[in-house]
Amino acid sequence: MVEKFNSKVIEKKWQSKWSESNSFVAKKDLSKEKFYILEMFPYPSGKIHMGHVRNYTLGDVIARYKRGRGFNVLHPMGWDAFGMPAENAAMQNNIHPAEWTYSNIETMKSQLKLMGLSIDWSREFATCDKDYYHHQQKLFKKLFKNNLVYKKKSFVNWDPVDNTVLANEQVIDGKGWRSGAEVEQKELSQWFFKIKDYADQLLNDLDHLNHWPDKVKLMQKNWIGKSEGCYLRFDILDKTHKKIDQQLEIFTTRPDTIFGASFCAISPMHPLAQKISETDKIIQKFINEQSSSAVNEESVARTEKEGIRTNLSVKHPFIKDKFLPIYIANFILMDYGTGAIYGVPAHDQRDFEFAKKYDLEIIQVIKNKDGKDNIDLVEAYTEDGEVINSDFLNGLSIEEAKKTIISKLEELKIGSKQVNYRLRDWGISRQRYWGCPIPIIYREDGEVIPVPDDELPVSLPDDIDFDSPGNPLEKHPTWKHTTCPETGMKAVRETDTLDTFVDSSWYFMKYCSENIQNHSFDDEDLNYWMPVDQYVGGVEHAILHLLYSRFFSKALSDSGVGSFNEPFEGLFTQGMVCHETYKTKKGEWILPSDTYEKNNKFFRLETNELLTKGPSESMSKSKKNVVDPEAIINTYGADTARWFMLSDSPPGRDINWSESGIKGAWKFINKIWSLINENKEIFQISINGNEVETENYINLKKMTHKNLKDITKSIESFQMNVAVAKIYEMTNFLTTFKAKNNLERSALKESIKILIRVLEPMTPHLAEECWSIIGHDSILSGQKWPEFDKNYVIDEFASVVIQVNGKKRAVIKIENNAEQEEILEQLKIIKNTQIPDDLSKIRKIIFVKNKILNLVL
RNA sequence: GGGGAUAUGGCGGAAUUGGUAGACGCGCCAGACUCAAAAUCUGGUGCCUUCGGGCGUUCCGGUUCGACUCCGGAUAUCCCUACCA
């Protein structure tokens, strides 16, 4: 009886060996084809969770497989280390953010190392490292110089009690998460990246990303939200319909419906609205109500449409004596289009609701599909149709009408065709301490100057006070005061820090520099490794992180850094790790490790209390349905955990963690382990056999090479669960195979070697140990991925299905490429009531070689 | 409200891309080993059946010699998004 696989000892042994021989340290080598595999780097929150285990196992399989295929692989790891949780910890536990962050990194790094990942740790960094953010400040300056950064006023969530800016996720039901105070909208001057300048490129280049999931591309497309329409300027009239010296510019995608317009509406934030409110108390009150309430997006969408009529109106450009009253309305967004619209109630649902409420005219200008018009509409008609009631546009299609009206507007110089995007410029200012300082100073004469290179980095001060509210950098007694290096004038530093999304928008480039401490890029390194060939991470980053990274690559390459357009050649989004939930009668969530099962019922360990089992959901701390990876690795080992993560579900879908699943994986590891140990003798003798090839021998060869072919294909196409199934098949065959002569014995040796080799990406420790048991060095010292032998993947017999009227009735085993006549001959032998003896009854025969013969009666 | 994805045994899931549905794993059943249990090993396992066969990939319909696969419609679940003019 073979002893169980001792994961503790064996895994540690191989991890040390790999580390000592720098097995995973990547070196630029122009003679080899490179492969850059990257998983999204973790936030150092404290401990690793199962989601990390799945993500990094998947990436590691690819990394190891590609090495086996002879690629020069880069597989690095780092830490997304700036951000709010560190500041929260600082406030709650009185610990410095840096200390909290670096100690978490240490813990998590040691946990990741237990997994046996083939990572080049020499390139590791954290985004809060001074070297990292030094480099980031330089990149910021490059973008600044290239005119891709600007400052503008913008609204933030303001907590009036804590005197602090809140992130959206810190606003709960319109109240500050700490103070509970009603959140206000406050206007601050903030920094922005001009991502909108790249909207078209970001949209069009999606077409070239052939190895990205379609759903992610679609999400990005919708997020960018390109729409074609036109701007249109109206003269504004006062209540006596006299022109005042001002115009209203609106944006519409439906200029074809201009004859159906019955009002204009502007955002409460619109300059015109602001101006009116200066003299009109009622309007001022309305505007104030709107700006204080609008916080939670979901509730915003449900809020009833409300507006207030102003004394102003505009003149319809094509209808004599028609005036459209101007409303200030809560559903008009200032940051889309021009913050002003004209309302066409008959053909826009929001305008329709608004018109019903305020009793405005509803004029139908597109004919319904059923041909009716001017009926009492119960909702807006937004579909296609013929233009009616529209003077010179009558009879045209919507598309034709759009073209006609736009050229008319352009001719009259009151409007122009315009492409508009939903995408807004990226606000990067954060009023927080734990982030990258923005390298800008404000001189006393009002000049805004980037900090010169020789004064970089602008470092975060260590002595920082979190006890009083507000931005800690702002409150620091000395930090912000400085002098202008050129003039010697007094100056103050920018106290905003950069959004952490900036940190993660270029970290993959930083890994490319071999000397990681160096805070400038080696362009050759960068252009050798970039782009990332395969990026793996959660779909929750499908929009922001990936879009920002794409923007950064483009903007930096335009600013002279790197010469690649897209950062991620291939993208894979893996599913989540789920677990059932357990709850006491009182509604308290219970950790799976604190439960036991009896007769299909679950009980709490200490109290024997009966628990209610909830459905399997994504693991989350709040519902306590989490399993600690370190505990699993301690009990079963890293290879078991890795194998389980790969085996049960396709990588793109959610996986359900289960006790029986992990036990099954453990069983498999030991099955391999005893297969090798029980057969190790045959590896110690050299075999010279001149025996003839037996059927047994050929079957073994066929099984091995067919499976090898399938395993390779499955890994290439990210179907790890299928690769696992094929490995099971191979293992089951080999464990029951009885070699009867030397030829068979040598074939068994070969098959076992192939099995171990293909296991290496998935269960590397086990594979390495088995490899050494059969008398070889490390697999990693140049042991290539095996090629399957074509001769053994073709069968000389084919199973041809006999169908009658398309239904399967029999299967004939016949030599490969047998012709129709041969099979018809064989039919006579088959006894099946459905197959006619008399072939003259057959109307038609469909024959596909080696597949089917269908008799149509 | 808008956009998207998914639906196959008791469960997780395969299916050469229109050609033998249910590979492989879990679970379950039976047997072997054992004083016994666990572990391990062997075999069986979609449903119905009068043992001829019949029915089966959420439901309804279509294309086809042939549909899990393509098309149209419905239902359910999940994800993303949030008044985008």
Side-chain angles (χ1 to χ4, degrees), chain A residues 1-2 4 213-216 218-219 221-223 225-227 229 250-254 257 265 294 296-305 329-333 335-344 347-351 353-354 420-424 539-540 542-543 575-576 618 644 647-650 652-656 658-661 663-665 667-668 670-671 674 709-710 713-714 719 721-732 735-736 799-811 831-834 843-848 850-857:
Chain A
M1 194 61 197
V2 181
K4 293 265 184 222
D214 288 337
K215 65 169 175 186
V216 174
L218 191 79
M219 280 157 85
K221 187 180 167 215
N222 291 339
W223 189 259
K226 182 174 179 170
S227 58
I250 63 102
F251 175 76
T252 180
T253 54
R254 295 293 304 273
T257 61
N296 182 315
E297 282 140 346
E298 197 184 333
S299 67
V300 170
R302 282 201 241 277
T303 310
E304 199 179 334
K305 305 201 174 0
N330 63 349
F331 65 98
I332 309 299
L333 305 173
D335 23 0
Y336 185 76
T338 61
I341 60 143
Y342 66 56
V344 183
H347 305 292
D348 182 289
Q349 188 57 30
R350 287 157 312 176
D351 296 349
E353 286 168 33
F354 193 77
N420 203 8
Y421 299 93
R422 205 192 84 111
L423 181 70
R424 291 163 206 173
V539 74
E540 65 273 17
I543 300 177
M576 291 178 297
S618 164
F644 173 69
S647 57
D648 250 22
S649 295
R653 281 204 226 163
D654 289 354
I655 189 168
N656 195 33
S658 69
E659 190 69 19
S660 58
K663 282 199 172 133
K667 222 161 93 178
F668 171 76
N670 281 294
K671 200 167 183 179
S674 47
K709 183 186 174 197
D710 289 346
K713 203 187 96 202
S714 302
Q719 286 184 289
N721 56 323
V722 181
V724 163
K726 298 293 174 188
I727 290 177
Y728 267 112
E729 251 177 87
M730 200 165 158
T731 308
N732 290 342
T735 46
T736 50
S799 299
V800 176
V801 176
I802 309 302
Q803 298 182 333
V804 178
N805 289 335
K807 292 217 179 237
K808 173 184 158 194
R809 294 301 169 198
V811 182
K831 289 198 180 77
N832 183 296
T833 50
Q834 308 282 329
R843 281 198 297 142
K844 196 175 164 189
I845 295 174
I846 314 282
F847 177 62
V848 183
N850 297 332
K851 289 231 165 91
I852 58 138
L853 181 99
N854 187 10
L855 309 172
V856 186
L857 302 181

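Below, chains carry the letters A, B, ... as their sequence lines are ordered, and counting in each starts from 1.
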(message) Counting the atoms with a prime plus P, OP1 and OP2 as sugar-phosphate, which does A:Leu218 contact under 4.0 Å by heavy atoms, base, sugar-phosphate, or nothing?
(response) sugar-phosphate
(message) Applying a 4.0 Å non-hydrogen cut-off, can you work out what A:Asn732 is touching in the nucleic acid: base, sugar-phosphate, or nothing?
(response) sugar-phosphate
(message) At less than 3.5 Å, do the side-chain atoms of A:Gln349 and the base atoms of B:G1 form a donor-acceptor pair?
(response) no
(request) For B:G10 and B:G73, measure between their C1' atoms and round to the nearest Å. (result) 32 Å
(message) Can you confirm whether A:Lys226 is buried at NZ, in the sense that more than 12 heavy atoms of other residues, nucleotides or ligands lie under 6.0 Å from that atom?
(response) yes
(message) Under 3.5 Å, is there any donor-acceptor pair linking the side chain of A:Arg653 to the base of B:C78?
(response) no
(request) Ignoring backbone atoms, establish whether A:Tyr728 has a side-chain N or O less than 4.0 Å from OP1 or OP2 of B:G25. (result) no
(request) Could you tell me whether the side chain of A:Lys305 has a donor or acceptor atom within less than 3.5 Å of a complementary atom in the base of B:C83? (result) yes
(message) Quick check for you: among B:C84, B:G19, B:C83, whose closest atom lies nearest to any side-chain atom of A:Arg424?
(response) B:C84
(request) Pull up the glycosidic torsion of B:G61 and say syn or anti, syn being anything within 90° of 0. (result) anti
(message) Taking any heavy-atom pair under 4.0 Å as a contact, classify A:Lys667: base, sugar-phosphate, or nothing.
(response) sugar-phosphate
(request) Answer with base, sugar-phosphate or nothing: what part of the nucleic acid does A:Ser799 contact at a heavy-atom distance below 4.0 Å? (result) base
(message) Would you measure the distance from the P atom in B:U16 across to the matching atom in B:C68 and give it in whole Å?
(response) 13 Å
(message) Taking only the C1' atom of each, what is the distance from B:G43 to B:C33 in whole angstrom?
(response) 15 Å
